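Step one of this worksheet: look at the structure below.
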Amino acid sequence: MTTNGIMFHSTNKNTPDVDFKTAIIRGQALDKGLYMLNEIPKLTEEQIYSFKDLSLDEIGFIVISNIIGNIIPKPELKKILKGALNFSVPVEHIGNNDYQCYLDQGPTASFKDFGARTLARIMEYFLEEDNKNAVILTATSGDTGGAVAQAFYEMNRIKVVVLFPKDEISDLQRKQMTTLGKNVTAIGITGKFDDCQRLVKIAFADPDLQHIGLSSANSINFGRLMPQTLYYFYSYSSVIEKKGEEVIFSVPSGNFGNLMGGLIASNMGLPVKRFISAVNENDEFPKFLETGKYEKVEPSKKCISNAMNVGHPSNFARLIDLYGGQIDETGVMHKIPDLERIRKDIVSYSITNELTKETIVNFYKKYNKKIIEPHGAVGWACLEKYRIDFPEDNSYKLINFETADPAKFPEEIISLINITPKIPKSLEIIQNKSEFPNPVVINDYSDFKNYLVEIFNK
Ligand SMILES: *Cc1c(COP(=O)(O)O)cnc(C)c1O
């Protein structure tokens, strides 16, 4: 490994390798592939066992140093991780060998906070180093916009512009973006998520906008993926008793960034018996495992675990790459991966909306009135299926991830168990704040473009 850390290749393999800094600043590779590690560094069994005594950001410092070398000086990296990962990650024993890890304690109450907050600080560091400014442009269908807006809020060198479909997101989701002001501009579009995404894509391809340093903070950026390895190491360390003990993870999956974090962790040496990729009715992945053929679900199915309504997950390209195959951004498989090895490492179940709802109700009844939200419930339903299908693995500890706070889905929870979930402090504050007015109603690209330039020059 050089001092600049491990190099990255594009999953499309049609553009030169780059270092970590370039991978972060670009977000996506020039050939439209995703940046992926050329090799995965290994931690020793001793090292991983010693994580038992460390905090999340201390674990992060060791894991991330192994990936990026000295491209960010050690004291700076420490500061970045301390600032980004400043919330708790409770791991709770639910029953038998079953555990739940709560990834919903960050400021926007979803697991997106891990990636967004770390990426924001890393980008700010690199821009400072180069004495440059940037505009982060993001389209959101709900959760990502809030996490990105909050994460980049008050960064000196970065302006954030978020586009959201005005009539398709919840009040709370909107307020996470519109109550901030300062360097954050949230623009409600009359249309759908796809209309927001279209404007963003045209802007990225526009040569006239090259000078404003447009960048993206969506989940294709490796900088969002890398911190998602950390809660695997952390939750593992909280539950194991013996060095080298293997555990099983149930991973609510949509765009497969969550699962990729786990796969990178296990390739770094984390003892994982198996991953369960928990998906809703968007079942392209379990079908792929079964048949070896990849077919996107188009249009994607609408389920109550709405952050997982993805019919063509972008991180699938990284997963295929990790197992020696190659698939492009349109879903065409150019090289078949090692299917047997994927099947050995990962089991996947598709959970219907009906079963998701049943799981929320039964979890509440069975576990002392604990409330689980729709994404975590998909994971929990898979945990229960796995326990039935693999009784020989009953002695292994199994950790499910709760990826959001139930208070983000009040209507669903009330209709199922007739309880109003308690709103966490961070969301309560937002609820009572006033919103900045929608700056301009932008309905064609040239208005939008002028607006971006204006923001950059402010
Ligand atoms: C994004 C998200 C997921 C799925 O994570 P991916 O990385 O897209 O697989 C699960 N739960 C919640 C609450 C999310 O916001």
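These numbers come from the heavy atoms of this one structure, side chains and all, not from hydrogens, waters or symmetry mates. Counting starts at 1 for both ligands and their atoms, following the listed order. Note that the structure is predicted; figures quoted are calculated from it, not measured.
Between Y232 and F249, the distance from one ring center to the other falls under 6.0 angstrom. In summary, the aromatic rings of F390 and Y396 are positioned with their centroids too far apart to meet the 6.0 Å limit.
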If you apply the rule salt bridge (charged side-chain N to carboxylate O under 4.0 Å, His left out), what do you find for R343 with E340, and how did you get there? CA-CA 5 Å; R343 287 181 179 132; E340 282 320 300; 2.9 Å; yes

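When the side chain to side chain donor-acceptor pair (under 3.5 Å) test is applied to S348, no partner is found at least two apart in sequence or on another chain. Listed by chain and residue number, F285 satisfy the ring pair (Phe, Tyr, Trp, His ring centres under 6.0 Å) test with F256 (two or more places apart in sequence, or in another chain). Scored by the side-chain contact (heavy atoms from CB on, under 4.5 Å) test, A151 finds A116, R117, A120 as partners (sequence neighbours excluded).
The immediate protein surroundings of ligand 1, defined as residues with any heavy atom under 4.0 Å of it, consist of F111, K112, D143, P252, S253, G254, N255, F256, G257, N258, A307, M308, H375, T403, A404.
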